[in-house]
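Structure, as structure tokens:
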Amino acid sequence: MRNILIVVLGPTGVGKTDISIELASHFDTEIISADSRQFYREMSIGTAVPSDIQLNKINHHFIKCLSVKDYYSASLFERDVLKILPELFRRKNIVLMIGGSGMYIDAVCNGIDDIPDVDPTIREKLTKQYKEEGIESLRVALKLLDPEYYAKVDLRNHKRIIRALEICESAGRPYSLFLTKNKSERNFGIIKIGLERERDDLYERINHRVDIMVEHGLEEETRQLFDLRGLNALNSVGYREFFDFFEGKISREKAIELIKRNSRRYAKRQITWWSKDKDIRWFKPEEEKELIGYIADSINTDN
RNA sequence: GGUGCCAUAGCUCAGUCGGUAGAGCAACGGACUGAAAAUCCGUGUGUCCCCGGUUCGAUUCCUGGUGGCACCA
């Protein structure tokens, strides 16, 4: 039987964790987390990592394996997942990958173009330029270095422009030359499962989950990370809002309210990301039997 | 029971000296290749409480309801 990676995705708060534990038990396998914030061991409460009970019951990978100080990326995730998969497939025919980080999931499923590494000081320099001279100066540079990308990039999004510029400068060639969009071949099958809920239901769960996080000590977890708040990993929902509270910019109540709102908006962005992926088969969380049946059928048909 | 005030977007409210309406928040839609829980773009979504009346035309003025609030009993 061919090896298969079963990807379970869905917006934040939809109930991925609980179902993934059920699925892993049922199919007797392990879980790869594809959540770009659950990687960090300093961030537990605010990222809703699986409970210790769940972690003890099922073998998890890529949970709390990094420090917020570490650099990480979708590309590194692709590399690291492809590195451990052969060993997992030696033990199990199917492996679960659960998460909500669309780009990370795509990197594993489709691959991501090979683009040279960049010296961090180049990005720092460009970021400084952006802050001091504004986005127009970045546009001018990009138009010169990579007119092709300039023509199609969102010229109001400084992160996209900085990314392109740092590659141009670092590689000495236009960024657009590296973007092949070719899909990588994988030597395993992939089944994508999406979990969905009615919007009202999802938002209610998100709001409630934030209250639970606060009860469980999110404020304290965040306070301990205050000095590191400039790090990218901490530019995350649930953390940035509390940092603003600690700095006196907003009230505690406002911070909690904003965590709820920003979580809802994040969920919407996730839904948008997956809306065009026709390979995803969507299920409601209560359709667990159908879901298990679908996976079992897929395993038998996929060759 | 009486008197007064109010009723407009999901919420809080503004406004139209009569020509079918707009702010904030919330919400909705979209983009996305090593920062992605990031970053960026777009969109008012409305029986102006209800039934009548006056008027060419009523969300606006008038009668009567209904609901809410306040005060007096």
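The structure displayed is predicted, hence computed values, not measured ones.
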Quick one: Arg163(A) CZ to U33(B) P, roughly how many Å, whole number? 10 Å
Counting any heavy atom closer than 4.0 Å, what does Leu76(A) reach on the DNA or RNA strands: base, sugar-phosphate only, or nothing? nothing
Touch check for Asp35(A), heavy atoms < 4.0 angstrom, all strands: base, sugar-phosphate only, or nothing? base
Name the pairing partner of G4(B), where a pair is Watson-Crick or G-U wobble with both distances under 3.5 Å, or state none. C69(B)
Considering Watson-Crick and G-U wobble pairs with both distances under 3.5 Å, what does U63(B) pair with? none
With Arg269(A) as the cation and Tyr266(A) as the aromatic partner, state whether NZ or CZ is under 6.0 Å from the six-membered ring centre and within 45° of the axis. no
Tell me which nucleotide, if any, is Watson-Crick or G-U wobble paired with A38(B) when both distances must be under 3.5 Å. none
Given atom NZ of Lys159(A) and atom P of U33(B), what is their separation to the nearest angstrom? 13 Å
With a non-hydrogen cut-off below 4.0 angstrom, is Tyr203(A) in contact with a base, only sugar-phosphate, or nothing? sugar-phosphate
Under 6.0 Å from the CD atom of Glu204(A), do we count more than 12 heavy atoms belonging to anything else shown? no
Would you mind classifying the nucleic acid contact of Thr47(A) as base, sugar-phosphate or nothing, using non-hydrogen atoms under 4.0 angstrom? base
With a sphere of 6.0 Å drawn around CD of Glu198(A), does it hold more than 12 non-hydrogen atoms of other residues, nucleotides or ligands? no
Between G34(B) and Arg123(A), is there an OP1 or OP2 to side-chain N/O distance shorter than 4.0 Å? no
Between the base of A38(B) and the side chain of Arg160(A), is there a donor-acceptor distance below 3.5 Å? yes
Report yes or no: does Asp113(A) contribute a side-chain atom to a donor-acceptor pair with the main-chain N or O of Ile115(A) at less than 3.5 Å? no
Considering every strand and a 4.0 Å limit on heavy-atom distances, what is the contact class for Asp113(A): base, sugar-phosphate, or nothing? base
